[in-house]
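Only a predicted model underlies this, so the values are computations on that prediction, with no experimental measurement involved. Every chain is numbered from 1, with letters handed out A, B, ... down the list of sequences.
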There are 2 protein chains.
Amino acid sequence: MTEKQEKIIWSALELFAEFGFDATSTSKVAKKAGVSEGLIFRHFENKEGLLMAIMNQGIERATGYFNEIIKINDPAERIKQALSLPFLIDESENRFWKLIYALKWQRGSYDDSMADELKKSLAEAFNALGYDHPYAEAELVQVFIDGVATEALLKGKASEQLLEIILNKYRLT
Amino acid sequence: MTEKQEKIIWSALELFAEFGFDATSTSKVAKKAGVSEGLIFRHFENKEGLLMAIMNQGIERATGYFNEIIKINDPAERIKQALSLPFLIDESENRFWKLIYALKWQRGSYDDSMADELKKSLAEAFNALGYDHPYAEAELVQVFIDGVATEALLKGKASEQLLEIILNKYRLT
DNA sequence: GTCTATACCAGGATAGAC
DNA sequence: GTCTATCCTGGTATAGAC
C-alpha cells in the first residue's frame, strides 16, 4: 500500500461519509487526495472497488472490538461492556462508522453478520443470568447500541447519563 | 394534484427508498410512473423539489402520530404508547420511513425538530413519575424507538417480545 | 506508480409543440 | 397538462506516455 493509495482511501472515506457514496464523484476524491483521477482506477478497478477497500480495512478493526467483548467470561460484565461499546469508540473512527451506518440503508449492502457472533454471545450471557427471553434481551442490547451510535454519530457524543440509566435498568451499575 | 403528479410522487418514493436519492435518476422515476421525464420538472422544478414534495406529505402524517401521544395525559400511558410506536406503524408507510432514516445520514438533510416536541413531553412524563434524570430517560426512549424502527425497516417486523421486555424494564406491563 | 488526455454515456434540465 | 426532442455538464472509465 503506497502513500498515495492510502491518501486516496482516506480522502474517499472522508467524502463518502459526509456526502454519501453516490453523491461523491471520483474526481472529487482525486482532488482531495492530490492525485490524478486515473490513479484511483489503476489501484481499485472502479469506484465500487474503492469502497470495498475502505470497508475491509474498517471491518477488521470492528470485529476486533466485538471479539474483545465475546471473550469476557463473566456474563454481567460481558453485557455491561457491550452496552458501553458506543461510548468507547474513538472519535478518529467516526467517519468509518458513519459510512457503515449510512450504507445500511442502501440496497444490497446491508450485512449484519459482523455483529451476529456478538449477539449470540450476549444471548448466552442473559441465559446464564436466568433471564426469561435471552435472545430478545440480546436483540434489545443491539437496538440500544445501534440507537446510541446513531445519535452519537449524527449529533455528536451521546451523554454518559444515557449509559448510566440503561445500566441501572439492568442493575449492572 | 393531478393523477400523474401523484403517480410521480409514488414512484419516486418507491425508488428513493429502495436505492437512495442520489442513485435514482429522474428518467427511472419517469419510466416507473409511466410519464415523460420533462413532466417531473414542470411540476416539481427539479429533483430536489420532488424530494421535498414527498417529505412534506409524509411529515404531516408523522407529526400526527406524535401529537396523538403528546396529548395523552397519564404519564405512564404516554411513555408506554411512545415505546409502542415503532410496532404500530402501518406497513404501507414503510417506504416513507425508510427514506427518512436513510436521509438522516445525508449531509444537511438531518432535522430532528419533528421529534423534539415528543421528546420534551416524554421528559415531562418521566419527571411527573419522579425519575432522577427525566431528560436522559426521554432520550433513551427515543434511542429505543429509532433502534427498533431501524431493525424493523431493514430486516422486517421487529419481534413483539422486544416491546414486552422493554415495557417490563419500565414496569409498564 | 503516476499523470495527461480523452472517450463515452447518463444525468439533470429546458424548449417548443400539442 | 403532457410529450418529444434536445442541450450540456459532469461522471466513470480507459489509453498511452513518462
Phosphate contact ([N] OP1 or OP2) by [X] side-chain N/O below 4.0 Å:
X	N	result
A:T26	D:dG11	no
A:T2	C:dT2	yes
A:K28	D:dG10	no
B:S36	D:dA5	no
A:S25	D:dG11	yes

Is it the case that B:E37 and B:T26 place a side-chain donor and acceptor less than 3.5 Å from each other?
-> yes

Report the nucleotide, chosen from [options], that has the shortest atom-to-atom distance to any side-chain atom of [X].
X	options	answer
A:Q5	C:dG1, D:dA13, D:dG1	C:dG1
B:K4	D:dA13, D:dC3, C:dG1	D:dC3
B:V35	D:dG1, D:dG11, D:dC3	D:dC3

Could you tell me how the ring of B:F87 sits relative to the ring of B:F144: parallel (under 30°), tilted (30 to 60°) or perpendicular (over 60°)?
-> tilted

Which whole-number value in Å describes the distance from [X] [atom1] to [N] [atom2]?
X	N	atom1	atom2	result
A:E3	C:dT2	CD	C1'	13 Å
A:H43	D:dT12	NE2	C1'	18 Å
A:F41	C:dT6	CZ	P	18 Å
B:L39	C:dA15	CG	P	16 Å

State plainly whether the residues B:E117 and B:K120 are in salt-bridge range, i.e. N to O under 4.0 Å.
-> yes

Pick base, sugar-phosphate or nothing for A:E37, based on heavy-atom distances below 4.0 Å to the nucleic acid.
-> base

Kindly write out the residues that satisfy side-chain hydrogen bond (donor to acceptor under 3.5 Å, both in side chains) with B:K157, not counting sequence neighbours, or none if the list is empty.
-> none

